[in-house]
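The basis for the numbers below is simple: all heavy atoms, side chains too, and nothing from hydrogens, waters or symmetry mates. Below, chains carry the letters A, B, ... as their sequence lines are ordered, and counting in each starts from 1.
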Amino acid sequence: MPELPEVETIARGLANRVTGDEIETVWLGEKPEPLKSTPQEILAALEHTRIEHVRREGKHIVLDLRGPKGTPDDARQWIVHLGMTGRMLVAEAYTEVEKHTHAIAKLKSGRELRFVDPRRFGRLSVTQPGQGFKGPGTEPLDISLEDFIVLFKGRKTPIKSALLNQKLLHGVGNIYADESLFRAGIRPLRQAGRLKPDELKRLHTALRHVLREAIKLGGSSVSDYVGADGEKGFFQLKHNVYLRTGEPCRKCKTPIKRIVLGGRGTHYCPKCQK
DNA sequence: AGGTTGACCTGGACGC
DNA sequence: TGCGTCCAGGTCAACC
């Protein structure tokens, strides 16, 4: 599901619904894959805490939690990565628990925070503030043009692969890599280190424009939905190339081409992108 | 070290 | 109806 705009939308939706609520108990499913921390660590960190903030960092949802007063390390973070198909739902406790639910946090309000993920590429972990779970890399909405240009210097990898590299930029995924390259008029296979300054400038502008527009529209809903209540995003209606193989380019009518790059479906207009 | 590939999973769409 | 194939919002470990 989720790249930066989708995770931003989900985090905002969660913040509206659960900020100030309290996690009483936590249930974890049988399958261990979705857990990066041990079940014991997760239970110990989450149970009997107050949810102070919910926000996005890269493609991660971060829930800032506060434990019972007097506990020395009473500040913790619940880190959720949604993988491809993960969702975080807020549901009344009496509603049916759907298939592939891997974790449920029971809240004082009587609602539940449920982590559902059919493909199990998502991950749950707990940490303490300042532990730096993300590693190197920058938020694309914060990066200056100068720093953006430095990221790609000397890199032989295709520019699309570089955009997807989370050690360089946090939060760009397959949709927004393809869409921003279209907007910038750059072919995905171009070597990152060989792009000219004006091309990198166009890409910097395009990427930030596309991400901001997508956030405004609640992200892209490609096959399932986005948002803590299941509301759909609408940015998919604005896609110029992603999943539009063979359809006419919105600018020049040339059929959109699909190639495989780094194992990912990659879509571009052979005429508009050089 | 940087770059590339395949593995990890389930399910939906499509063709026969 | 069913079976096979391909495709899907993402990382990782293992190779070169």
Chemist: Mind checking the C1' distance from B:dG12 to C:dT11? Whole angstroms is fine.
Modeler: 23 Å
Chemist: Please give, in whole Å, the distance from C:dC12 C1' to A:K167 NZ?
Modeler: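 For the pair A:K167 NZ and C:dC12 C1', the rounded distance is 9 Å.
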Chemist: Taking OP1 and OP2 of B:dT10, is either one under 4.0 Å from a side-chain nitrogen or oxygen of A:H100?
Modeler: no
Chemist: Could you state the interatomic distance from NZ (A:K238) to CZ (A:R250), rounded to the nearest 0.5 Å?
Modeler: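 CZ of A:R250 is found 9.5 Å from NZ of A:K238.
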Chemist: In whole Å, I'd like the distance from the CZ atom of A:R244 to the P atom of C:dA8.
Modeler: 16 Å
Chemist: Could you state the atom-to-atom distance from CG of A:L168 to P of C:dT11 in whole Å?
Modeler: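 After rounding, the gap between these two atoms is 13 Å.
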Chemist: Looking at A:E96, I'd like to know if its CD atom is crowded, meaning that more than 12 non-hydrogen atoms belonging to other residues, nucleotides or ligands lie closer than 6.0 Å.
Modeler: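 For A:E96, atom CD is not crowded (no more than 12 foreign heavy atoms under 6.0 Å).
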Chemist: Any strand counts, and the cut-off is 3.5 Å on both contacts for Watson-Crick or G-U wobble. Which nucleotide pairs with C:dC15?
Modeler: B:dG3
Chemist: Select base, sugar-phosphate, or nothing to describe what A:Y176 touches, counting heavy atoms under 4.0 Å on all strands.
Modeler: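 Result for A:Y176 = nothing.
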Chemist: Closest nucleotide of DNA chain C for A:H267 versus for A:K59: which of these residues is on the 5' side?
Modeler: A:H267
Chemist: Just the rounded figure in Å: distance from P of B:dG11 to CG of A:D117.
Modeler: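 Going from A:D117 (CG) to B:dG11 (P), I get 11 Å.
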Chemist: Heavy atoms from C-beta onward define the side chain here; which of C:dT11, B:dG3, B:dG11 lies closest to that of A:K99?
Modeler: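 It is B:dG11.
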Chemist: Can you check whether A:F121 stacks with the C:dT11 base, using ring centres under 5.5 Å and planes within 30°?
Modeler: no
Chemist: Can you tell me which residue pairs pass the ring-ring contact (aromatic ring centres under 6.0 Å, His included) test with a partner in residues 253-274 of chain A, sequence neighbours excluded?
Modeler: A:Y242-A:H267
Chemist: Below the 4.0 Å mark, does C:dG10 have OP1 or OP2 next to a side-chain nitrogen or oxygen of A:Q166?
Modeler: no
Chemist: So, is A:T85 near the phosphate of B:dC9, with a side-chain N or O under 4.0 Å from OP1 or OP2?
Modeler: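 Checking B:dC9 against A:T85, no side-chain N or O comes under 4.0 Å of OP1 or OP2.
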Chemist: When the P atoms of B:dG11 and C:dC12 are considered, how many whole Å apart are they?
Modeler: 23 Å
Chemist: Determine the contact category for A:R264: base if any of its heavy atoms lies under 4.0 Å from a base atom, sugar-phosphate if only primed atoms, P, OP1 or OP2 are that close, otherwise nothing.
Modeler: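 Counting heavy atoms under 4.0 Å across all strands, the contact made by A:R264 includes a base.
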Chemist: Just how far, in rounded Å, is C1' of B:dG3 from NZ of A:K160?
Modeler: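 Checked: the NZ to C1' distance equals 16 Å.
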Chemist: Can you tell me whether the side chain of A:R120 and the base of B:dC9 have a donor-acceptor pair closer than 3.5 Å?
Modeler: no
Chemist: Indicate, with yes or no, if A:I104 and A:V26 share a hydrophobic cluster defined by side-chain heavy-atom contacts under 4.5 Å among Ile, Leu, Val, Met, Phe, Trp and Tyr.
Modeler: no
Chemist: Determine whether the side chains of A:K251 and A:N240 contain a donor N or O and an acceptor N or O closer than 3.5 Å.
Modeler: no
Chemist: Figure out the CD1/C1' separation between A:I10 and C:dG10, and round it to whole Å.
Modeler: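 To the nearest whole Å, that distance equals 14 Å.
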Chemist: How many Å lie between CG on A:L189 and P on B:dG3, as a whole number?
Modeler: 14 Å
Chemist: Using the side-chain heavy atoms of A:P118, tell me which of these nucleotides is nearest: B:dT4, B:dG11, B:dG3.
Modeler: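 The nucleotide sitting nearest to the side chain is B:dG11.
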Chemist: Let's see if you can work this out: which of C:dC12, C:dG10, B:dG3 has an atom nearest to the side-chain heavy atoms of A:K36?
Modeler: C:dC12
Chemist: Mind checking the P distance from B:dC9 to C:dC3? Whole angstroms is fine.
Modeler: 23 Å
Chemist: Within the structure shown, what part of the strands sits under 4.0 Å from A:G263 by heavy-atom distance: base, sugar-phosphate, or nothing?
Modeler: nothing
Chemist: Taking only the side-chain nitrogens and oxygens of A:R119, find out if one of them lies under 4.0 Å from OP1 or OP2 of B:dC8.
Modeler: no
Chemist: Between atom CG in A:L82 and atom P in B:dC9, what is the gap in whole Å?
Modeler: 18 Å
Chemist: Could you check whether the rings of A:F235 and A:Y176 sit parallel, tilted or perpendicular, using 30° and 60° as the cut-offs?
Modeler: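 The rings of A:F235 and A:Y176 sit tilted, inter-plane angle from 30° to 60°.
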Chemist: Side-chain N or O of A:R258 versus OP1/OP2 of C:dA8: is the shortest distance under 4.0 Å?
Modeler: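 Checking C:dA8 against A:R258, a side-chain N or O does come within under 4.0 Å of OP1 or OP2.
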